[in-house]
Undergrad: 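Have a look at this one before I ask anything.
If you read the sequence from its start, that first residue is 1, and numbering goes on from there.
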Amino acid sequence: MTDATALPGQPRGGVLSGPATARAVNVLAPNASAMTLDGTNTWILSEPDSDLAVVVDPGPLDDGHLRHVVGTAEQAGKRVALTLLTHGHPDHAEGAARFAELTGTKVRALDPALRLGDEGLTAGDVVTVGGLELRVVPAPGHTADSLCFHLPADRAVLTGDTVLGRGTTVVAHPDGRLGDYLDTLRRLRSLTVDDGVHTVLPGHGPVLDDAQGAVEYYLAHRAHRLAQVETAVENGHRTPSEVVAHVYADVDRSLWPAAELSVRAQLKYLEEHGIL
């Protein structure tokens, strides 16, 4: 068995649901799959002495899960006062409208189509509820509408699908763009260096206790994959599916359709930079 401290980002072992920091509690959605890992992490955030909470990514449209999130907050003496979305993929956002019904909350997101209420979210916004402070960090790349949320009091960042607790994420071409994603990773690295962020609260998988290590690994991984794709094309693998079969030969074939999205994003990036 590999020591977790030796893995990228130092993932925590044990049960995923439950308290993760002084202000963050995870409720794991029952939608495990090859793409969602153990399931979607739905985060309940609150100041310890406050009776108000923020929920990030209610998850899939699963009434049992949504009610469990509400119940978990209520058992801790909290009332959900606001719902936030990291991005619009269904495993994170499909249940948001129903969750808003259950809690009477507004839903704030970057994409206007996902919002319930007048307020959206933009880069640089600071969300405050019951003394809790969340800073909105632009994070395009996985999708165009992706956001992260910096929780300075816990020196933590909620990353949605931008950084996962295990493995790496997909650049969901054409909505996701590799250049944007690399910029986002560099922005997150600055949070770890300049703002002292050390904990990643991801959208899937375990909490990571070495945020800088995780981001550095992601940057290195992307550079390595990009070089592999470039070499594959130089060796005559012209179509995205051919590149996937060559570069991702050691990856479970069930993940190849997702890998092809990233390959398409990588090919577009190489084309835009005059490399292909």
Undergrad: Between R67 and D63, does any side-chain N to carboxylate O distance fall below 4.0 Å?
TA: yes
Undergrad: Could you tell me whether the side chain of K78 reaches within less than 4.5 Å of the side chain of L52, counting heavy atoms only?
TA: no
Undergrad: Would you call E272 and R177 a side-chain contact if the rule is heavy atoms closer than 4.5 Å?
TA: yes
Undergrad: For the hydrophobic clusters of this structure (ILVMFWY residues joined by side-chain heavy atoms under 4.5 Å, transitively), does one cluster hold both V70 and L82?
TA: no
Undergrad: Compare every heavy atom of V107 with every heavy atom of A96, then report the nearest pair and how far apart it is.
TA: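 Looks like O-CG2, 3.9 Å.
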Undergrad: Donor-acceptor check, side chain of T159 to backbone of T162, threshold 3.5 angstrom: yes or no?
TA: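 No, because the side chain of T159 does not come within donor-acceptor range (under 3.5 Å) of the backbone of T162.
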Undergrad: Is it the case that more than 12 heavy atoms not belonging to D252 sit under 6.0 Å from its CG atom?
TA: yes
Undergrad: Using 0.5 Å steps for rounding, measure from the NE2 atom of H173 to the CD atom of Q266.
TA: 11.0 Å
Undergrad: I'd like to know whether D51 forms a salt bridge (Lys or Arg N to Asp or Glu O under 4.0 Å) with R79, so could you lay out the CA-CA distance, the side-chain angles of the two residues, the decisive distance to 0.1 Å, and finally the verdict.
TA: CA-CA 6 Å; D51 62 355; R79 176 178 64 83; over 6 Å; no
Undergrad: Testing the basics here: between L116 and A97, what is the closest heavy-atom pair and its distance to 0.1 Å?
TA: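 Smallest interatomic distance, heavy atoms only, reads CD1-CA, 3.7 Å.
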Undergrad: How far apart are the closest heavy atoms of R115 and A109, and which atoms are they?
TA: NE-O, 2.9 Å
Undergrad: Ignoring hydrogens and geometry, is there a side-chain-to-backbone donor-acceptor pair from W256 to V251 under 3.5 Å?
TA: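 Yes; at least one donor-acceptor contact below 3.5 Å.
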Undergrad: Is R225 positioned over the aromatic face of Y248, cation under 6.0 angstrom from the ring centre and no more than 45 degrees off axis?
TA: yes
Undergrad: How many angstroms lie between CG in L85 and CG in D145, if you round to the nearest 0.5 Å?
TA: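 Answer rounded to 0.5 Å: 8.5 Å.
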Undergrad: Can you check whether F149 reaches T86 side chain to side chain, under 4.5 Å on heavy atoms?
TA: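 A side-chain contact exists here, since the closest heavy-atom pair is under 4.5 Å.
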Undergrad: Show your reasoning for whether side-chain hydrogen bond (donor to acceptor under 3.5 Å, both in side chains) applies to D38 and H204.
TA: CA-CA 7 Å; D38 310 273; H204 303 280; over 6 Å; no
Undergrad: With S262, which of V171, L178, V247, L226 fulfils side-chain contact (heavy atoms from CB on, under 4.5 Å)?
TA: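 By the side-chain contact (heavy atoms from CB on, under 4.5 Å) criterion, S262 pairs with just one of V171, L178, V247, L226: V171.
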Undergrad: Would a distance-only check, ignoring hydrogens and angles, find a side-chain to backbone donor-acceptor pair under 3.5 Å from S50 to S46?
TA: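 Side chain of S50 to backbone of S46, a donor-acceptor pair under 3.5 Å: no, none is there.
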Undergrad: Quick test of your reading of the model: are R189 and E216 salt-bridged, counting only N-O distances below 4.0 Å?
TA: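 Answer for the salt bridge query: yes.
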Undergrad: Which of parallel (below 30°), tilted (30 to 60°) and perpendicular (above 60°) describes Y181 and Y218?
TA: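 Answer is tilted, since the angle falls between 30° and 60°.
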Undergrad: Got V127 and L121 here, is their nearest side-chain heavy-atom distance under 4.5 Å?
TA: yes
Undergrad: Distance from D154 atom CG to E133 atom CD, nearest 0.5 Å?
TA: 12.0 Å
Undergrad: Ignoring hydrogens and geometry, is there a side-chain-to-backbone donor-acceptor pair from R187 to P138 under 3.5 Å?
TA: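 Checking the backbone N and O of P138 against the side chain of R187, a donor-acceptor pair under 3.5 Å is found.
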Undergrad: Indicate yes or no: at least one non-hydrogen side-chain atom of T122 is less than 4.5 angstrom from one of V136.
TA: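 They are not in side-chain contact.
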Undergrad: Does one hydrophobic cluster hold both L182 and V163, with members joined at side-chain heavy-atom distances below 4.5 Å?
TA: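 Yes: a chain of side-chain contacts under 4.5 Å links L182 to V163.
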Undergrad: Locate the shortest heavy-atom distance separating T40 from G59; write the atom from each residue and the value.
TA: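 Result for this residue pair: CG2-CA, 4.2 Å.
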Undergrad: Does R12 reach the main-chain N or O of A20 with its side chain, forming a donor-acceptor pair under 3.5 Å?
TA: yes
Undergrad: Taking the side chain from E242 and the backbone from R238, do they hold a donor-acceptor pair closer than 3.5 Å?
TA: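 Side chain of E242 to backbone of R238: a pair is present.
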Undergrad: Rounded to the nearest 0.5 Å, what separation is found between the CG atom of N41 and the CG atom of D57?
TA: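 It comes to 9.0 Å.
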Undergrad: What heavy-atom pair brings P60 and A29 nearest, and what distance separates the two atoms?
TA: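 Nearest heavy atoms, P60 then A29: CD-CB, 3.8 Å.
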Undergrad: Any side-chain heavy atom of L208 sitting closer than 4.5 Å to one from T199?
TA: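 SC-SC contact between L208 and T199 ruled out.
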Undergrad: Between H273 (side chain only) and Y269 (backbone N and O only), is there a donor and an acceptor less than 3.5 Å apart?
TA: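 At least one qualifying donor-acceptor pair exists.
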Undergrad: Distance from L61 atom CG to D91 atom CG, nearest 0.5 Å?
TA: 13.0 Å
Undergrad: Quick one: which of L132, L45, L201, L134 gives a side-chain contact (heavy atoms from CB on, under 4.5 Å) with R23?
TA: L132
Undergrad: Do V157 and L164 belong together in a cluster built from hydrophobic side chains that touch within less than 4.5 Å?
TA: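 Result: yes, single cluster for both.
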Undergrad: Go through L267 and V233 one step at a time and tell me if the side chain to side chain contact (heavy atoms under 4.5 Å, CB included) criterion holds.
TA: CA-CA 9 Å; L267 291 171; V233 173; 3.6 Å; yes
Undergrad: To the nearest 0.5 Å, what is the distance between CG on N31 and OG on S33?
TA: 6.5 Å
Undergrad: Any side-chain to backbone donor/acceptor pair from T192 onto H198? Under 3.5 Å, distance only.
TA: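 Here the side-chain-to-backbone pair does not exist.
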Undergrad: Please answer whether the main-chain N or O of V55 pairs with a side-chain N or O of T83 as donor and acceptor at a distance below 3.5 Å.
TA: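 Looks like no, no N/O pair under 3.5 Å.
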Undergrad: Should C148 and L188 count as side-chain neighbours, where that means a heavy-atom distance under 4.5 Å?
TA: yes
Undergrad: For R155 versus G196, what's the shortest heavy-atom pair and its separation?
TA: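 Taking every non-hydrogen atom into account, NE-O, 2.8 Å.
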Undergrad: Does V25 share a hydrophobic cluster with L151, counting links as ILVMFWY side-chain heavy atoms below 4.5 Å and allowing steps through other members?
TA: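 No, no single cluster joins them.
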Undergrad: Look at the side-chain heavy atoms of Ile, Leu, Val, Met, Phe, Trp and Tyr, link any pair under 4.5 Å apart, and say whether V200 and V193 land in one connected group.
TA: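 V200 does not cluster with V193.
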Undergrad: So L28 and T42, do their side chains get closer than 4.5 Å, heavy atoms only?
TA: no
Undergrad: Between T143 and S146, does any side-chain donor sit less than 3.5 Å from a side-chain acceptor?
TA: yes
Undergrad: Should R108 and D125 be marked as a side chain to side chain contact (heavy atoms under 4.5 Å, CB included) after you check the CA-CA gap, both sets of side-chain angles, and the distance that decides it?
TA: CA-CA 11 Å; R108 296 182 65 183; D125 282 351; 3.9 Å; yes
Undergrad: Say whether, by atom type as modelled, one donor and one acceptor occur between the side chain of H150 and the main chain of D195 under 3.5 angstrom.
TA: no
Undergrad: Any idea how H142 and H87 line up, ring-wise: parallel (<30°), tilted (30 to 60°), or perpendicular (>60°)?
TA: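 Because their plane-to-plane angle is over 60°, the rings of H142 and H87 count as perpendicular.
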